[in-house]
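For reference, the structure is listed below as structure tokens.
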Amino acid sequence: MTFRRKISVVAALAIATTAAVSTQANAAAVGGGGASFMANMMDICASGFNKNELVNPGKADTITYASVGSSSGKTGFANGTYKFGGSESAYTSGAPANLVYVPLIGGSIAIGYRVDGMSPANAQVRLTSETVAKIFAGQITKWNDPAIVASNKASTVKKKLTATKLGVTVTAKKVAANVTFTVKMTAAAKTKYKNAKVTISAATLGGATKSIINSRYTKPMTKTTSYVANTTYQVNVGKNPIGVLAVATVTDGVTITMPDLAIRVVHRSDGSGTTNNFINFLNKSFPTIWTKATSDTFSTGFPGTVPTDGSFQSAKGNEGLASYVRDNNGSITYAELSFLEERSVKAAAVSNPSGTYVSPSPSTSASWLEGAEVSAEGLVTQNYAYTASDAYPINAVSYGLASSAASADMSISKRFFSYFLNTCAPKSAPGAGYTPLVGKILEKAVSQLAKLNGGA
Amino acid sequence: MSLVLQGQVGRGEFSREIDAIVQQGEILAIVGANGSGKSTVLQTIAGIAALKSGRLSCDNEVWDEPITKIFTPAQDRHCGVVFQDLRLFPHLSLIANVAYGLRSTEMSKQEAHARAAEELTLVGLDELADRKPGQVSGGERQRAALARALVLRPPVLLLDEPFASVDVSSRKGLRDLLPSLVQGYQGSVVLVSHDPEDVQTLATNILTFG
Amino acid sequence: MIQDDLVPQHRKLVSSYTLVDRIFRRVITTGGLFSLVILGLIGAFLLYRGFEIFSDFGFSFITGEVWNIGDPMDTSTAVLGIGAMLMGSVITSVIAILIAVPCAIAVALFIEFYSPRKVRLILTAVLDLVAAIPSVIFGIWGYAVLLPIIEDWSVPLERWLDFIPIFSVPSGIFGRSPFLAGVLLALMVIPIVTSVAREVYSQAPRDLIDASYALGGTRWGAIRNVVIPFGRSGLVGGAMLGLGRALGETVAVYLTLNLVFDINFRILGSAGGNVASLIATKFGEATEYELKALMAAGLVLFLVTLLVNFMASIVVNRSGKII
């Protein structure tokens with residue numbers, strides 16, 4: 001009997017083990033892959049998801065993400081290599097059935113550079129977006145090119161308390177912590193501009209513009225506003241500028257002496273959504289320089305032939321670009337802000353359509369994305385003429401690639417996307433150099449998310 | 001120049017006793033059956049093989065003495081050797097073969113070739129100087145090998161079956177040539193042969209290996 | 001009839017193998033054929049997958065220097081050519097061989113003729129170890145360590161030699177150059193070339209070496225006049241084996257070279273290519289049609305490498321004879 005008993009114990013043990021294994025089997029490792037642009041954010045959110053008891057009961061499921069570039073992500077998701085994909089560009093061909101784009105995160109495409117020997121050494125380089133277009137098209141090849149030098153001159157607005165033009169007189173007066181504006185018109189001017197609005201808008205360096213007066217003139221106007229340092233005041237009557245006032249001398253920018261150094265443009269060797277968004281910006285903003293429609297492949301979207309003398313270098317992934325610039329003097333590239341920050345690579349301030357130089361940051365990127373539209377299928381279209389003065393103009397939105405068909409993997413991916421959008425991104429993105437989605441893009445993202453996994 | 005060899009020669013398992021003295025101007029012939037160690041003796045004197053025990057000296061200079069670990073390398077003994085299988089360098093012309101030893105003494109190429117040309121004339125090969133060993137007959141090769149050894153004016157000349165690879169008619173000519181070549185030569189000669197006729201015409205002393 | 005009987009017939013020689021012999025023979029024959037079949041199947045697979053490309057582009061696929069898939073929906077807009085990459089493969093491999101062979105000869109001669117026994121054992125082991133280092137390690141090391149060094153060397157080279165077209169770099173941008181890739185490949189192929197060179201040199205005719213010594217020749221004289229001439233054909237074979245490896249090397253080149261689709265011979269400039277790293281770069285994200293082109297590129301590389309290795313084995317088999 002002992003023998004038989006032993007057998008039954010062994011059998012029971014075997015069943016117990018199988019049971020344990022089978023609960024384990026419900027847990028799954030879900031591997032996604034694609035865009036390197038959002039890879040830093042994916043790493044943060046995947047590890048957050050994997051450790052989060054609330055959204056991942058028993059911490060049973062594991063999300064991994066391979067940073068292989070948007071093109072490889074799209075191919076890999078279509079053929080099943082990746083259970084979900086990541087991309088900043090839409091499929092042009094070979095899209096899988098039941099595809100759903102879920103906007104997940106935004107970010108600025110920062111212009112990273114390394115120029116040893118400029119002075120002052122730590123100044124932030126300013127580039128007009130046209131200069132950016134010309135550098136990346138190979139038309140500007142030296143760091144001391146006049147166009148670069150010109151945008152890196154300090155401009156000074158001297159203290160100016162009165163402006164008189166076209167019969168309009170505007171006076172500013174600083175009293176304690178306030179500034180008082182007075183507007184007066186001659187009788188002729190009053191008649192001439194009776195339908196025009198008088199506007200005074202304050203522009204503070206590195207900040208937003210603010211309207212102080214915006215109304216028709218009927219009698220002398222007075223308005224008091226609190227004083228903000230480094231602010232200039234633009235006065236217009238209708239479309240006619242009257243002048244720029246300043247209650248103290250305002251200096252904008254730093255004069256930088258540039259070395260006589262060749263520019264090395266570093267672009268992606270792999271197919272990339274970052275490239276796609278960057279070239280789209282260049283093509284839409286400067287169609288005479290960037291003549292071709294955008295593409296994931298740099299050489300395809302490039303106007304003409306990419307220079308072959310070594311002045312253009314290719315590297316893989318946002319990681320590769322940022323590392324190359326860190327290691328090579330004279331180089332310049334385009335990459336998500338977080339990759340530059342990670343490697344202490346400096347990012348240039350770029351002029352936006354309103355003519356203001358803006359540094360890339362989560363808030364300046366968010367300001368830009370306020371001007372963007374989102375399509376029915378979840379794809380974001382940016383407005384490249386958007387004139388908010390505090391908006392950084394080169395940005396991208398990363399999409400999760402997922403399926404509306406139900407599957408075990410998709411159910412986990414859906415939970416992960418939901419955690420990403422609602423919990424992880426709002427909390428961690430700004431600190432990591434990304435821009436969490438808000439407003440209509442976020443609303444669309446949530447409704448796209450609902451379609452995944454058969455709506456379940 | 002006197003050569004004294006006493007001790008055991010051999011390679012690997014093989015060894016044999018030898019006790020021989022060759023005085024200046026003497027020609028010692030070693031005769032014996034195949035495999036009796038004749039060639040090994042020559043190789044030992046040349047410095048290609050080492051003595052197992054005993055002592056090899058030339059005049060007062062010790063060339064090989066295992067007990068004191070003295071061993072003069074082959075290239076410093078300045079022996080002239082004619083190997084049984086000749087060992088001419090197949091990729092070099094006859095004149096380059098003959099000049100080879102001279103070039104090793106840091107002599108200029110021009111001078112070495114002039115001396116080599118003289119030597120080739122002595123053995124009657126002046127017209128074949130630019131041929132390679134593969135392009136001449138067996139007898140001519142044999143004479144080239146002789147010239148290569150003699151051009152060094154070596155203190156010790158070692159001849160291993162110098163007529164073995166030659167047909168009968170050429171052998172006669174060579175046998176006549178050798179004494180005339182050796183006549184003006186001041187060193188000691190060791191000759192290995194199994195042909196009694198060679199030995200009788202040339203040797204001053206004979207050592208027989210059983 | 002009688003005549004026939006008188007003519008002696010050949011006796012039949014019946015050699016019968018034992019069962020074990022027959023089984024062993026089957027096994028090794030199968031094994032031997034199997035590798036040939038695999039080789040053939042690889043070639044056939046690449047040809048099958050890449051055939052459309054050859055029929056679309058013909059010879060210009062091999063000579064063209066543009067790689068542009070055009071509109072992904074319309075294959076007729078694609079322009080695909082591996083000329084630049086193929087030339088890059090050749091340039092980097094030739095640089096590698098030019099550097100590796102003299103080094104390998106020196107190392108092999110030292111090991112065979114000069115080094116004491118202990119040093120020889122250590123050196124041999126070290127070389128075997130170098131041969132076993134994964135190429136990705138070489139690539140990372142090349143990028144992180146060798147690149148700045150080569151960049152520093154390139155500057156004076158360019159300054160002194162820029163009248164020779166291959167050394168001129170008009171853009172003044174070095175680093176990530178075919179020269180760097182070539183040096184890295186040289187380090188990778190030195191072990192294999194050295195091991196062939198050692199093998200060949202150890203077979204140099206002993207009696208001629210002795211003859212050289214007996215005539216007063218020095219060790220260097222023996223090496224120069226006997227060992228090197230006799231080893232020459234074997235060494236050529238070894239060099240070609242190294243060339244075969246260098247041609248096919250992927251990761252190390254991929255990590256160090258700036259991939260540029262342009263046939264140029266400026267070896268110090270930061271632009272080059274290599275068929276294998278083209279495939280590595282494009283494979284993951286390729287469209288259906290581009291994938292076929294990569295297969296075709298693979299076939300070309302496969303054939304070139306096969307040819308080089310085949311020639312190498314012929315030459316190695318001839319070694320020992322003087323060429």
Side-chain angles (χ1 to χ4, degrees), chain A residues 33-34 66 68-76 78-79 81-82 87 89 91-95 138 141-142 260-273 292-293 295-302 305-316 320 323-324 327-331, chain C residues 65-75 77-79 84 88 140 143-144 147-148 151 154 158 168-180 254-264 266-273 277-278 280-291:
Chain A
V68 292
S70 294
S71 295
S72 291
K74 286 185 280 188
T75 312
N79 65 27
T81 311
Y82 301 126
S87 174
S89 57
Y91 282 94
T92 49
S93 68
T141 57
K142 289 275 193 179
D260 179 13
L261 178 67
I263 298 178
R264 282 190 218 186
V265 172
V266 193
H267 62 87
R268 292 283 287 271
S269 61
D270 50 337
S272 149
K292 289 194 208 163
S295 162
D296 279 8
T297 309
F298 187 81
S299 58
T300 306
F302 189 85
T305 312
V306 178
T308 57
D309 60 358
S311 60
F312 276 62
Q313 298 274 324
S314 64
K316 187 167 162 42
S323 298
Y324 187 93
D327 297 337
N328 290 278
N329 185 21
S331 51
Chain C
E65 50 184 311
V66 176
W67 186 278
N68 192 342
I69 48 170
D71 180 358
M73 304 301 285
D74 181 5
T75 58
T77 59
V79 183
I140 293 169
Y143 186 81
L147 188 139
E151 218 168 345
S154 299
E158 199 258 340
S168 82
V169 182
S171 66
I173 294 172
F174 304 91
R176 298 179 86 203
S177 60
F179 182 55
L180 168 67
Y254 173 69
L255 288 172
T256 50
L257 202 56
N258 182 31
L259 222 61
V260 166
F261 290 91
D262 173 50
I263 297 179
N264 80 67
R266 291 184 293 273
I267 61 170
L268 300 179
S270 184
S277 53
L278 162 77
T281 307
K282 301 284 182 189
F283 188 78
E285 61 194 46
T287 61
E288 198 77 354
Y289 191 67
E290 193 179 15
L291 201 60

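Keep in mind it's a predicted model, so treat the numbers as computed, not measured. Lettering follows sequence order; numbering is per chain, from 1.
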Legend entry - Proximity breakdown for Ala286(C) and chain A, heavy-atom pairs closer than 4.5 Å: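 Answer is backbone: N, CA, C or O of Ala286(C) sit under 4.5 Å from chain A.
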Legend entry - Contact class of Glu288(C) relative to chain A, heavy atoms under 4.5 angstrom: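 It is neither, since no heavy atom gets under 4.5 Å.
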Legend entry - Main-chain N/O of Gly269(C) paired to Asp309(A) side chain as donor or acceptor, under 3.5 Å: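 No, because the side chain of Asp309(A) does not come within donor-acceptor range (under 3.5 Å) of the backbone of Gly269(C).
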So, taking the atom named [atom1] in [X] and the one named [atom2] in [Y], what distance separates them when rounded to the nearest 0.5 Å?
X: Phe283(C); Y: Thr75(A); atom1: CZ; atom2: OG1; value: 10.5 Å
X: Ser269(A); Y: Leu278(C); atom1: OG; atom2: CG; value: 11.0 Å
X: Thr305(A); Y: Asn68(C); atom1: OG1; atom2: CG; value: 9.5 Å
X: Thr297(A); Y: Glu290(C); atom1: OG1; atom2: CD; value: 7.0 Å

Distance-minimising heavy-atom pair for [X] and [Y]:
X: Arg176(C); Y: Ala315(A); value: NH2-CA, 4.4 Å
X: Thr308(A); Y: Asn264(C); value: O-ND2, 4.2 Å
X: Ile263(A); Y: Ile173(C); value: O-CD1, 4.4 Å
X: Gly284(C); Y: Ser72(A); value: C-OG, 3.5 Å
X: Asn258(C); Y: Phe312(A); value: ND2-O, 2.9 Å
X: Lys316(A); Y: Tyr254(C); value: CD-OH, 2.7 Å

Legend entry - Residue selection (most heavy-atom pairs with chain C, distance under 4.5 Å) from Gly320(A), Gly271(A), Gly73(A):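 That would be Gly271(A).
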Legend entry - Pairs of heavy atoms under 4.5 Å with chain C: top-ranked of Val306(A), Asp327(A), Thr92(A), Asn79(A):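 Most heavy-atom pairs within the cutoff with chain C belong to Thr92(A).
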Legend entry - Tyr324(A) portion near chain C, given a 4.5 angstrom heavy-atom threshold: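 Interface part for Tyr324(A): both.
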Inset, instruction - Using the test side chain to side chain contact (heavy atoms under 4.5 Å, CB included), find all partners of Val79(C) that sit at least two apart in sequence or belong to another chain. - result: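 Val79(C): side chain to side chain contact (heavy atoms under 4.5 Å, CB included) contacts with Val66(C).
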Legend entry - Residues in side chain to side chain contact (heavy atoms under 4.5 Å, CB included) contact with Thr75(C), at least two apart in sequence or another chain: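 With sequence neighbours excluded, Thr75(C) shows a side chain to side chain contact (heavy atoms under 4.5 Å, CB included) to Tyr289(C), given in chain and number order.
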Inset, instruction - Check whether any side-chain heavy atom of Glu285(C) sits under 4.5 Å from a side-chain heavy atom of Asp296(A), and report yes or no. - result: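 No, their side chains stay 4.5 Å or more apart.
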